[in-house]
There are 2 protein chains.
Amino acid sequence: MEDLKLFDAEYKFMDIIWELEPINSTELTKVCRKKLGWKKSTTYTMIRKLSERGILKNENATVTVMVKREQVQKYESEVLLEDKFDGSLPIFLATFLQDKKLSKEEAKEIQKMIEEATK
Amino acid sequence: MEDLKLFDAEYKFMDIIWELEPINSTELTKVCRKKLGWKKSTTYTMIRKLSERGILKNENATVTVMVKREQVQKYESEVLLEDKFDGSLPIFLATFLQDKKLSKEEAKEIQKMIEEATK
DNA sequence: GTTTTTAGTTTATCACGGTAAACCTGTACT
DNA sequence: AGTACAGGTTTACCGTGATAAACTAAAAAC
C-alpha cells in the first residue's frame, strides 16, 4: 500500500483539501496563502509530492483526493496503537481514560460500537 | 508542563531506558550500541538533551527516568485524538474499529472501563 | 607511574522536511 | 504585437533532528 504517513505540513495541507476538494489549483494556492501563509510554489511543490505518492491527483488544474481523511486517520491510529500500546485497544483505553470522565451519551455510543465489533 | 513530545529516535531510546532503568550510563551506551547501533557519544548526546528537558536524570553515572512511559503514552494519545479526531473518543473508535473484530474478553474489559469512566 | 577505562563535553556533519525564488509555457485580453 | 495571468517545473536554501568524531579529566588497573 502507499505510504499513508503524512508529515505535519502535509497534514495541514490535506486538511484544507479534504474540506474543499475538488478545487482548482490556482484557487488552492490562494487558500494556502491565506490559511497557511504559503507562497504559490510551496503549494505546487506539495501538490506534486503528494500526487507522486498517490495521495491526491491534479488533472486539468483540478485537485482531488485519492485517499480519504478516514483512511489516514485509521492508519495513524493503528500506528499509534501498534507502536505505543503493543497493538492493544484495552491498554490504550486504560491509559487514555485515566482521569477522564465520559458523558452518558458518549459511553452509550461506545458500548454500542464495542458490541458490534465483537464476534 | 515539560514538553512530552518525543521524536522517533528519542522514543526508541526511552524505550530501552524505561525497560532497564536505573541503569549505569556506560552500560547504557553499550546497550544502545547493540540495540540501536549508536556510538557512545550519540547516547550521551541523547542523555543530555533529554535531561535538559526533564525527561530523565543522570546522576553519579546512573540514569533514571523522571517521566513514566504511561505519561508519554497518554500525552501522545491525547494529541492524536485532539489533532485528528476533534478530541472525540467515539469518533476515534468508530474509525479505528472499522473492519476489526474484538474478542469477547477484550470487549468485556473495555465495557468495564467505559462504565467506570462514566459519571 | 604509566596505561586503560569510565564518564562525560564540545563541536560538527548529514539527511530531510519545509519553504520558496526563479523560470517557463500557453492562453486570453487590449 | 504586447501585456497579464493561469498553471505549473526546476532548483535551492534553511532549520533541525539524528548521529558521531575528537577531545578531556578523573579514577582504576597494572
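Order of the sequence lines sets the chain letters (A, B, ...), proteins ahead of strands, with each chain counted from 1.
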Original post:
Which of the following nucleotides, C:dG8, C:dT10, D:dT10, is nearest to the side chain of B:Arg48?
Top reply: C:dT10
Original post:
Has A:Asn60 got a side-chain N or O lying under 4.0 Å from the OP1 or OP2 atom of D:dG7?
Top reply: no
Original post:
Could you state the CZ-P distance from B:Phe7 to C:dG17, rounded to the nearest angstrom?
Top reply: 13 Å
Original post:
Tell me, which pairs form a ring pair (Phe, Tyr, Trp, His ring centres under 6.0 Å) where one or both residues lie in residues 38-67 of chain A, sequence neighbours left out?
Top reply: A:Phe13-A:Trp38
Subject >> Value rounded to 0.5 Å, distance of CD in A:Glu116 from CG in B:Leu102 >> reply: 11.5 Å
**OP:** Confirm from the modelled atom types if B:Thr45 and D:dA20 form a donor-acceptor pair under 3.5 Å, side chain to base only.
**Re:** yes
Which pairs of donor and acceptor atoms, one on a side chain in residues 17-24 of chain A, lie under 3.5 Å apart (sequence neighbours left out)?
unit_1, atom_1, unit_2, atom_2, d
A:Trp18, NE1, A:Val67, O, 3.0
A:Glu21, OE1, A:Val65, N, 3.0
A:Asn24, OD1, A:Thr26, N, 2.9
A:Asn24, OD1, A:Glu27, N, 2.9
A:Asn24, ND2, A:Ala61, O, 3.4

**OP:** Starting from P on D:dG17, measure out to NZ on B:Lys12 and report it in whole angstrom.
**Re:** 15 Å
Pair up each side-chain donor or acceptor in residues 79-96 of chain B with any protein partner under 3.5 Å, not counting sequence neighbours, and list the distances.
unit_1, atom_1, unit_2, atom_2, d
B:Lys84, NZ, A:Glu76, OE2, 3.0
B:Ser88, OG, B:Ile91, N, 3.0
B:Thr95, OG1, B:Ile91, O, 3.1

Original post:
Any salt bridge (charged side-chain N to carboxylate O under 4.0 Å, His left out) pairs touching residues 94-111 of chain A, not counting sequence neighbours?
Top reply: A:Asp99-B:Lys74, A:Lys100-B:Glu78
Subject >> Rounded interatomic separation in angstrom, taking NZ from B:Lys49 and C1' from D:dA18 >> reply: 8 Å
**OP:** Starting from P on C:dA20, measure out to CD1 on A:Ile47 and report it in whole angstrom.
**Re:** 15 Å
**OP:** Quickly work out the B:Glu27 CD to C:dG8 C1' distance and round it to whole Å.
**Re:** 16 Å
Original post:
Can you check the B:Glu59 CD to C:dA7 C1' distance for me, whole Å?
Top reply: 15 Å
Original post:
Which whole-number value in Å describes the distance from A:Asp8 CG to C:dT19 C1'?
Top reply: 15 Å
Original post:
CE of A:Met66 to OG of A:Ser51: how many Å apart, nearest 0.5 Å?
Top reply: 10.0 Å
Original post:
Looking at residues at least two apart in the chain, or sitting in another chain, which of them share a side chain to side chain contact (heavy atoms under 4.5 Å, CB included) with B:Glu70?
Top reply: A:Gln98, B:Gln73
Subject >> Phosphate OP1/OP2 of C:dT6 contacted by B:Asn24 side-chain N/O (<4.0 Å) >> reply: no
**OP:** Give me the residues of residues 28-44 of chain A where at least one heavy atom lies under 4.0 Å from an atom of DNA chain C, by number, or none.
**Re:** A:Gly37, A:Trp38, A:Lys39, A:Ser41, A:Thr42
**OP:** Grab the CE-C1' distance between A:Met46 and C:dG18 for me, whole Å please.
**Re:** 6 Å
